[in-house]
Number of protein chains: 2
Amino acid sequence: MGDCEQCMVRKLSALNVLKGEEIKSISGCKVTKRIKKGEVVFKEGDMLNGVYCISSGVCKLTKLTEKGKDQVVKLVIKGELLGQRSVIINQTANLTATALNDMEVCFIPKQEILQDLLKNNEFSFSVLKRMATDLKEAEIAIVNMAQKSVRKRLADIILYLHNNFGVDESNYLKVPLSRDDFASIVGTATESVIRTLSQFKKEGLIKTSGKKIQILNYDELELME
Amino acid sequence: MGDCEQCMVRKLSALNVLKGEEIKSISGCKVTKRIKKGEVVFKEGDMLNGVYCISSGVCKLTKLTEKGKDQVVKLVIKGELLGQRSVIINQTANLTATALNDMEVCFIPKQEILQDLLKNNEFSFSVLKRMATDLKEAEIAIVNMAQKSVRKRLADIILYLHNNFGVDESNYLKVPLSRDDFASIVGTATESVIRTLSQFKKEGLIKTSGKKIQILNYDELELME
DNA sequence: GTGAAACCATGACAATTATCATATTTTTGT
DNA sequence: ACAAAAATATGATAATTGTCATGGTTTCAC
């Protein structure tokens with residue numbers, strides 16, 4: 001149960017602009033939770049009683065399609081808030097949040113956040129800016145989904161994982177995604193992912209070891225049309 | 001040059017929560033513009049000096065892909081603000097706005113909006129709620145792009161146009177989209193749109209007259225998988 | 001009104017992606 | 001360590017979608 005005032009993660013998030021009093025208040029009512037890999041933080045349709053500030057770990061936000069498949073909409077990382085949108089518009093969650101590795105999150109009750117939003121203009125402007133950025137990214141995602149091939153979308157997500165989540169000591173991507181996860185990010189069949197990764201291997205773009213992936217030719221992945 | 005205080009369109013928008021003083025100030029500095037069908041309001045990459053409040057007409061927001069195609073991200077209608085995101089995060093426009101029919105818009109300078117956002121908490125919370133809703137819709141669009149067939153996406157947009165923009169006296173869709181526009185909304189080739197519309201005609205789902213489209217079987221368009 | 005330009009339509013074919021079947025490998029629980 | 005379960009891999013084939021070519025229609029400026 002750390003002190004929010006000192007928390008480095010908070011300083012990365014929209015909560016960074018909160019003042020002493022507000023932070024003390026959050027410190028007093030927040031609840032720290034550990035979430036294991038594969039566990040669900042909240043589900044599409046849940047009414048959220050607060051937001052989650054991610055301290056460590058990575059989480060996927062998915063939406064269930066009519067065919068019963070999951071589609072990943074966004075990967076979320078330390079320093080981002082989960083569930084803020086549902087709290088702001090007071091609706092049930094639009095997406096399901098599932099941990100991709102072990103996570104630590106701080107749960108902050110809804111009324112605490114709403115109170116700060118209404119009182120502290122700098123804070124609501126800060127949340128507004130984050131949301132504007134999220135919206136911009138979502139728009140880009142729409143265009144990519146609509147216009148890029150499965151092959152290119154898969155190359156893109158590999159590069160994205162490399163750039164945003166880094167590599168381990170032997171240069172393999174850190175985030176452990178299954179072929180199924182890749183499929184639901186790219187929006188394609190699992191077999192298509194497997195086939196395309198095999199193709200990438202043949203072309204010397206990547207190499208794999210079990211489910212781990214290492215980039216061999218960054219530039220060509222990026223330049224792929 | 002109407003008076004914003006009385007403006008019904010403003011009352012539909014996020015500007016509805018502004019108070020007397022603020023509205024008078026906007027009334028004094030806003031500029032009303034007429035934009036003809038096909039004209040560009042602003043272009044991807046432009047630095048916007050304000051936001052546009054749409055009084056009448058419909059406009060498409062597009063993004064240019066690497067292949068040089070336009071992808072429609074959103075259709076925007078009376079009562080919505082254009083360019084708010086760019087103004088809030090102080091970046092160049094991410095999308096191009098083009099009039100689909102003759103439009104009337106009110107241009108409100110950036111500093112006016114920013115000043116109100118920083119001073120009036122109710123206003124920034126109102127904008128925040130709108131943006132949260134936009135984000136939710138964008139997420140749904142990502143899932144639809146990823147998971148639905150061209151055939152279903154085309155059916156969806158026809159239903160959307162019917163529900164949101166209505167029909168004329170002979171039941172044809174009011175918004176005049178070309179096959180090209182449909183293609184860049186659905187994210188497919190123009191020929192695929194034409195073919196699929198022909199298919200819909202054969203199946204008795206729609207009928208056409210020139211470029212105008214009329215829905216004959218709403219339910220089946222909706223139930224299509 | 002008329003000719004040019006833009007738009008719509010369809011065929012033929014190629015490329016991409018999905019689906020189903022069936023091995024093989026890796027991971028996991030005990 | 002070992003069996004069961006899950007995940008990965010690959011082939012065969014079908015369905016969807018894209019591309020190129022070509023011709024007919026509508027729209028619009030003059």
Side-chain angles (χ1 to χ4, degrees), chain A residues 36-39 65-71 100-102 144-155 158 172-173 175-203 206-214 224-225, chain B residues 36-39 65-71 98 100-102 144-155 157-158 172-173 175-203 206-214 224-225:
Chain A
K36 282 193 192 134
K37 177 178 171 176
E39 242 180 89
T65 67
E66 287 159 19
K67 295 176 197 160
K69 275 198 197 175
D70 274 333
Q71 172 68 41
L100 287 175
N101 45 26
D102 292 350
N144 288 341
M145 277 297 174
Q147 300 284 349
K148 292 184 177 175
S149 65
V150 165
R151 182 177 158 85
K152 178 55 176 163
R153 300 207 303 271
L154 185 57
I158 292 171
Y172 286 97
L173 297 180
V175 187
L177 293 183
S178 68
R179 304 292 190 261
D180 235 25
D181 286 329
F182 276 109
S184 79
I185 293 172
V186 168
T188 189
T190 308
E191 294 95 325
S192 296
V193 168
I194 292 171
R195 250 180 259 281
T196 310
L197 286 178
S198 297
Q199 192 59 34
F200 285 176
K201 279 194 269 185
K202 273 187 203 158
E203 296 171 25
I206 62 170
K207 76 178 188 185
T208 63
S209 160
K211 67 162 38 178
K212 291 188 301 179
I213 294 175
Q214 180 179 152
M224 180 180 296
E225 35 48 88
Chain B
K36 283 194 192 136
K37 178 177 171 176
E39 239 180 272
T65 68
E66 287 160 18
K67 294 174 198 161
K69 275 198 198 176
D70 274 333
Q71 172 67 40
T98 311
L100 287 175
N101 45 27
D102 292 350
N144 288 341
M145 276 298 175
Q147 300 284 349
K148 291 184 177 174
S149 65
V150 166
R151 180 177 159 87
K152 177 55 175 161
R153 301 207 302 272
L154 185 56
I157 178 66
I158 292 172
Y172 286 97
L173 296 180
V175 187
L177 293 182
S178 67
R179 303 293 190 260
D180 234 24
D181 286 328
F182 276 108
S184 79
I185 292 172
V186 168
T188 190
T190 308
E191 294 94 326
S192 295
V193 168
I194 292 170
R195 249 179 261 282
T196 310
L197 286 177
S198 298
Q199 192 60 32
F200 285 176
K201 279 194 268 184
K202 274 187 202 157
E203 296 171 25
I206 62 169
K207 75 177 190 186
T208 62
S209 160
K211 65 161 40 177
K212 290 189 300 177
I213 293 176
Q214 179 180 152
M224 179 181 297
E225 33 51 269

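Both B:Ser192 and A:Glu191 sit near DNA chain D, but only A:Glu191 has its closest nucleotide nearer the 5' end. DNA chain C is contacted by both A:Val150 and B:Arg179; B:Arg179 maps to the nucleotide lying nearer its 5′ end (nearest heavy atom per residue).
Protein atom CG of A:Leu177 is 20 Å distant from nucleotide atom P of D:dA6, rounded to whole Å. The nearest whole Å value for the distance from the CE atom in A:Met145 to the P atom in D:dT17 is 15 Å. Here the P atom of nucleotide D:dT16 and the CE atom of B:Met224 are 12 Å apart, to the nearest Å. A straight line from CZ of B:Phe182 to C1' of C:dC7 spans 14 Å, rounded to a whole angstrom. Rounded to an integer number of Å, the gap from B:Lys152 NZ to D:dT16 P is 15 Å. Straight-line distance from the NZ atom of B:Lys37 to the P atom of D:dA29: 11 Å, rounded to whole Å. We find that NZ of A:Lys148 is positioned 17 Å from P of C:dT16, with the value rounded to whole Å.
Judged by distance alone, the side chain of B:Ser149 and the main-chain N or O of B:Lys152 form a donor-acceptor pair under 3.5 Å. Side chain of B:Gln214 to backbone of B:Ile206: no donor-acceptor contact under 3.5 angstrom is found.
You'll find that the side chain of A:Ile194 is closest to D:dA9, out of C:dT17, D:dT19, D:dA9. Nearest nucleotide to the B:Lys211 side chain, out of C:dT19, C:dC8, D:dG18: C:dC8. The side chain of A:Thr188 sits closest to C:dA18 out of C:dA18, C:dA9, D:dG18.
The shortest distance between the side-chain N/O atoms of A:Ser198 and the OP1/OP2 oxygens of D:dA9 is not below 4.0 Å.
Here B:Lys201 lies in heavy-atom contact (under 4.0 Å) with sugar-phosphate atoms only. Contacts of B:Ser149 with the nucleic acid, taken as non-hydrogen atoms under 4.0 Å apart, involve only primed sugar atoms and P, OP1 or OP2. Nucleic acid contact class of B:Thr190 (heavy atoms, under 4.0 Å, all strands): none.
Between the side chain of B:Arg195 and the base of C:dG11, a donor-acceptor pair under 3.5 Å is found.
Counted within 6.0 Å of CD on B:Glu66, heavy atoms from surrounding residues, nucleotides or ligands total 12 or fewer; the atom is thus considered open.
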